[in-house]
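The structure under discussion appears below in the form of structure tokens.
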Amino acid sequence: MVIDDKFYVGGARDRQIIRMVRGIRRFHRVKYVPGVFVITLPLFGDGILEIYELNELRQKIYTDMAIHIVGAAPSRFQAVLLVRDIIDDIYKKTGDVDVERFFAS
């Protein structure tokens with residue numbers, strides 16, 4: 001699991017941001033991380049960005065995958081808004097919506 005340098009956070013106060021980032025970093029050492037939704041690059045090749053509840057990534061199908069996290073939010077609704085903000089930001093900066101190339105650079 002990799003947290004990108006261009007990490008986006010949406011709809012959270014300072015304490016929530018700290019809690020979310022700590023939860024992501026300690027993901028493999030603790031049993032449960034409540035209230036964190038992560039935005040990742042597509043894990044299965046389709047789509048632009050994907051939203052997962054952090055604890056969902058404990059399932060066996062995800063354990064061997066290279067998960068590239070680009071953002072986090074405290075609720076699914078805030079994560080959807082954050083995906084829209086990320087796409088808007090990428091379009092303003094590059095004039096394109098090639099998300100993978102944006103986060104690769």
Pairs of donor and acceptor atoms involving the side chains of residues 68-75, under 3.5 Å and at least two apart or interchain, shall be tabulated with distances.
from: His68; atom 1: NE2; to: Asp4; atom 2: OD1; distance (Å): 2.6
from: Ser75; atom 1: OG; to: Gln78; atom 2: N; distance (Å): 3.1

- Item | Derivation and outcome, side chain to side chain contact (heavy atoms under 4.5 Å, CB included), residues Phe37 and Leu82 | CA-CA 11 Å; Phe37 288 83; Leu82 183 59; over 6 Å; no
- Message: Counting C-beta onward and ignoring hydrogens, is there a side-chain heavy-atom pair between Val38 and Leu57 closer than 4.5 Å?
- Response: yes
- Kindly indicate whether the side chain of Glu56, heavy atoms from C-beta on, has any atom under 4.5 Å from the side chain of Tyr62. yes
- About how many Å separate CD1 of Ile90 and CZ of Arg101, when rounded to the nearest 0.5 Å? 10.5 Å
- Verdict with supporting geometry, Ile67 and Val2, side chain to side chain contact (heavy atoms under 4.5 Å, CB included): CA-CA 6 Å; Ile67 300 171; Val2 176; over 6 Å; no
- Flag, side chain of Lys6 to backbone of Phe102, donor-acceptor distance under 3.5 Å: yes
- Side-chain (Thr94) to main-chain (Asp96) donor-acceptor, under 3.5 angstrom: yes
- Name all pairs fulfilling the side-chain hydrogen bond (donor to acceptor under 3.5 Å, both in side chains) condition that reach into residues 81-91, sequence neighbours left out, sorted by first residue then second. Tyr8-Asp89, Asp89-Lys93
- Item | Worked verdict on Phe7 versus Ile39 for side chain to side chain contact (heavy atoms under 4.5 Å, CB included) | CA-CA 10 Å; Phe7 187 73; Ile39 298 160; over 6 Å; no
Review item, side-chain donor-acceptor pairs of residues 45-55, under 3.5 Å, at least two apart:
from: Glu50; atom 1: OE1; to: Leu43; atom 2: N; distance (Å): 3.2
from: Glu50; atom 1: OE1; to: Tyr52; atom 2: OH; distance (Å): 2.5
from: Glu53; atom 1: OE1; to: Asn55; atom 2: N; distance (Å): 3.2
from: Glu53; atom 1: OE2; to: Asn55; atom 2: ND2; distance (Å): 3.2
from: Asn55; atom 1: OD1; to: Val33; atom 2: N; distance (Å): 3.0
from: Asn55; atom 1: OD1; to: Arg58; atom 2: NE; distance (Å): 3.3
from: Asn55; atom 1: ND2; to: Val33; atom 2: O; distance (Å): 2.6

- Task: Could you state whether Met65 and Leu41 fall into the same hydrophobic cluster, counting links through intermediate Ile, Leu, Val, Met, Phe, Trp or Tyr residues with side-chain heavy atoms under 4.5 angstrom apart?
- Result: no
- Would Met20 and Leu81 show up in the same hydrophobic cluster when neighbours are defined by side-chain heavy atoms closer than 4.5 Å? no
